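Just so it is clear, the structure is predicted and the values come from calculations on it, not from any experiment.
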2 protein chains.
Amino acid sequence: MSQTVDRALSILPLLAEGPADLGQVADRLGVHKSTALRLLRTLHEHGLVYRQSDQRYRLGARLFALAQEAMENLDIREIAHPHLVGLNERCGHTVHLAVYEENEVLYIDKVESRYPVRMYSRIGKPVAITVAAVAKLLLADLPEAERRPLAEKLDYPLYTPRSTPNAAAFLKELAVVREQGWATDLGGHEESINCVAAPIRGADGRVAAAMSVSAPNVVVTAEELLTLLPQVRRTADAISGEYSGRTVPRD
Amino acid sequence: MSQTVDRALSILPLLAEGPADLGQVADRLGVHKSTALRLLRTLHEHGLVYRQSDQRYRLGARLFALAQEAMENLDIREIAHPHLVGLNERCGHTVHLAVYEENEVLYIDKVESRYPVRMYSRIGKPVAITVAAVAKLLLADLPEAERRPLAEKLDYPLYTPRSTPNAAAFLKELAVVREQGWATDLGGHEESINCVAAPIRGADGRVAAAMSVSAPNVVVTAEELLTLLPQVRRTADAISGEYSGRTVPRD
DNA sequence: AATGGACGTTGCATATATTGCAACGCGCCT
DNA sequence: AGGCGCGTTGCAATATATGCAACGTCCATT
């Protein structure tokens, strides 16, 4: 909509790939070097871009600060955090909190497993949307008109033989998940990792976030993990109650 | 330099404070609503801004993703991380990694204390530059021509009675730190928290990053914490060796 | 030591993209 | 119903971003 801003913002993902010099940036934007220079300068003034000692540009520090600050203002995260920690203390496994946003599901909080074997994930990173238990819950609650086109637009990478293979299977799974009110990922993303997840609902009853407990096979079997389901649901419900303003936090 | 981009980017910190609607954004930018709308739309297309269900804008998902990617490109972080974890396993306290960038010092990694009492800090957040042990190391190594003006430009907030009071005291402290090759913060930021820090150097001998161990008085006294100094320095040196390509990581 | 090239930077004229305005549509509350 | 607040759109005016060409600097090559 705004060409100048559009160009400037296009620089960011470009630099996310790695540092680049002025010429490279100008080329990839398809603009004159002087134009690229001025855009980079503006980004620089705002701290989004940093000029390292070899004169090349890379993403800047303020980006972290902004992301961090924004995180803190996601109030669902604030409300949920103590509950996630509590659950982690009780069961010991990795606990995740995720939300849906613009065709993506992303982790916004995480409490690490207290077992030595941990799973790989990062808050802020988009989730494997076709297999993750939290993603199933979040997508299952989308309006039909949004869910179907999205499902058909997605890629269905076969992380493992148990990964969701295609849109049809995914939509079927989502229907099951919506019905039962919880979801699992049994080795669909990484062969040896299982997850159980439950939805967190806002005042309007819509799914506002989802949380999960994950553990590798070497620590607990899938069956054992499933015995935690009631605990996970209780925790999610507690968060829902607080988030929707029905209950107050206990101190 | 570029008015349009400048305005657009000014929206980001504004939204970091919390969600805002179109009118608020326009007011704070000092532009017409229609202008603000178009800027927000462009930011939206790039995923930096998200429109929540109540129509208000807040920072979007791609910002998190970008911040993450930017982090990953800081290769010093990658190299240092296992060392930080190792040190944390040995001493149990909170371990921080920080770098200097554009008149700021910021944490880029952190391993949480294993004691129940933890200190408050966030990666991505600018550090209390006048008192933090890591900041002293990073600034102490700046060229004189850069260090002095910076020191004089800084504010010297009195977090505690032991905070660095002014530029003169700070520059003196930096000279000591540069000489001895390590730094401390003994209750200068928060009354009950002490830190010991050591520098990480690149191939050219310049300080590329700094790491610290922090613990509250209730866990260990300042004297006890200081006994960890050799360990901290060994860890920092190990990272330096690997970062500068002199040694190879042991696996 | 001299030369060539690559790269970043600046001033300037042009044209294009951005701006503010005014009007419209929509939902909400009185 | 009617008025108000808010977001949205088309348009004309002009402020603004753009590409160009020239310059400076650093580095590698002859």
Side-chain angles (χ1 to χ4, degrees), chain A residues 1-15 17-60 101-102 143 145-146 202-206 245, chain B residues 1-60 73 101-102 143 145-146 202-204 206:
Chain A
M1 295 259 103
S2 168
Q3 182 179 95
T4 317
V5 178
D6 188 53
R7 283 174 173 168
L9 297 182
S10 303
I11 294 177
L12 298 178
L14 192 157
L15 290 184
E17 296 170 19
D21 63 30
L22 180 61
Q24 295 170 327
V25 173
D27 283 350
R28 292 199 46 183
L29 283 187
V31 299
H32 196 269
K33 279 186 309 179
S34 60
T35 304
L37 177 68
R38 288 181 277 246
L39 295 177
L40 280 164
R41 273 224 261 264
T42 311
L43 289 168
H44 180 97
E45 279 174 14
H46 286 259
L48 299 184
V49 145
Y50 174 66
R51 193 138 200 209
Q52 43 187 31
S53 46
D54 63 353
Q55 291 241 112
R56 292 190 305 166
Y57 295 92
R58 62 171 181 72
L59 294 182
E101 185 175 320
E102 315 263 337
E146 211 173 319
D204 53 2
R206 295 282 313 278
Chain B
M1 294 261 103
S2 168
Q3 184 179 94
T4 316
V5 178
D6 188 53
R7 284 174 172 165
L9 297 182
S10 303
I11 294 176
L12 298 177
L14 192 157
L15 290 185
E17 295 169 19
D21 63 29
L22 179 61
Q24 295 170 328
V25 173
D27 283 351
R28 291 199 47 184
L29 283 186
V31 299
H32 196 271
K33 279 187 307 177
S34 59
T35 304
L37 177 68
R38 288 182 276 246
L39 296 176
L40 281 165
R41 274 225 262 264
T42 311
L43 290 168
H44 181 95
E45 279 174 14
H46 285 260
L48 298 182
V49 146
Y50 174 65
R51 194 141 200 207
Q52 44 188 29
S53 46
D54 63 353
Q55 291 242 107
R56 291 190 306 165
Y57 295 91
R58 61 172 181 72
L59 295 183
N73 287 332
E101 181 175 320
E102 314 266 334
E146 210 174 321
D204 54 2
R206 295 284 311 279

Atom pair distance, as rounded to whole Å: [atom1] in [X] and [atom2] in [N]:
{"X": "A/Arg7", "N": "D/dA17", "atom1": "CZ", "atom2": "P", "answer": "12 Å"}
{"X": "B/Arg41", "N": "D/dT8", "atom1": "CZ", "atom2": "P", "answer": "6 Å"}
{"X": "B/Met1", "N": "D/dT18", "atom1": "CE", "atom2": "P", "answer": "13 Å"}
{"X": "B/Arg51", "N": "D/dC6", "atom1": "CZ", "atom2": "P", "answer": "13 Å"}

Quiz item: Side chain of B/Asp21: nearest nucleotide among D/dC20, D/dG7, D/dT16?
Solution: D/dG7
Quiz item: 5'-most contact on DNA chain C: A/Ser2 or A/Leu37, nearest heavy atom basis?
Solution: A/Leu37
Write down the atom of [X], the atom of [Y], and the distance for their closest heavy-atom approach.
{"X": "A/Val31", "Y": "A/Ala36", "result": "CG2-N, 4.0 Å"}
{"X": "A/Leu9", "Y": "B/His46", "result": "CB-ND1, 3.5 Å"}
{"X": "A/Pro143", "Y": "A/Arg206", "result": "CD-NH2, 3.9 Å"}
{"X": "B/Gln55", "Y": "B/Arg51", "result": "O-NE, 3.0 Å"}

Practice problem: Report the distance from atom CG of A/Leu15 to atom CZ of A/Arg56, rounding to the nearest 0.5 Å. | Solution: 10.5 Å
Quiz item: Quick one: CG on A/Leu43 to OH on A/Tyr50, what's the gap to the nearest 0.5 Å?
Solution: 16.0 Å
Exercise. Would you mind classifying the nucleic acid contact of A/Arg56 as base, sugar-phosphate or nothing, using non-hydrogen atoms under 4.0 angstrom?
Key: nothing
Quiz item: Which part of the nucleic acid, if any, lies within reach of A/Thr4 when heavy atoms closer than 4.0 Å are counted: base, sugar-phosphate only, or nothing?
Solution: sugar-phosphate
Quiz item: Does A/Thr35 put a side-chain nitrogen or oxygen below 4.0 Å from OP1 or OP2 of D/dG19?
Solution: yes
Quiz item: Taking OP1 and OP2 of D/dT16, is either one under 4.0 Å from a side-chain nitrogen or oxygen of A/Arg38?
Solution: no
Quiz item: Which one of A/Leu12, A/Leu14, A/Leu48 satisfies the side-chain contact (heavy atoms from CB on, under 4.5 Å) criterion with A/Leu59?
Solution: A/Leu12
Quiz prompt | Interface limits on DNA chain C, where chain A has a heavy atom under 4.0 Å of a nucleotide atom | solution = C/dG8 to C/dT18
Quiz item: When you look at B/Arg41 and B/Leu37, which way does the side chain to side chain contact (heavy atoms under 4.5 Å, CB included) test go after all the steps?
Solution: CA-CA 6 Å; B/Arg41 274 225 262 264; B/Leu37 177 68; 4.0 Å; yes
Practice problem: Say whether, by atom type as modelled, one donor and one acceptor occur between the side chain of A/Thr4 and the main chain of B/Val5 under 3.5 angstrom. | Solution: no
Shorter than 3.5 Å, N or O on both sides, protein versus nucleotides 22-27 of chain D: list them out with atom names.
none

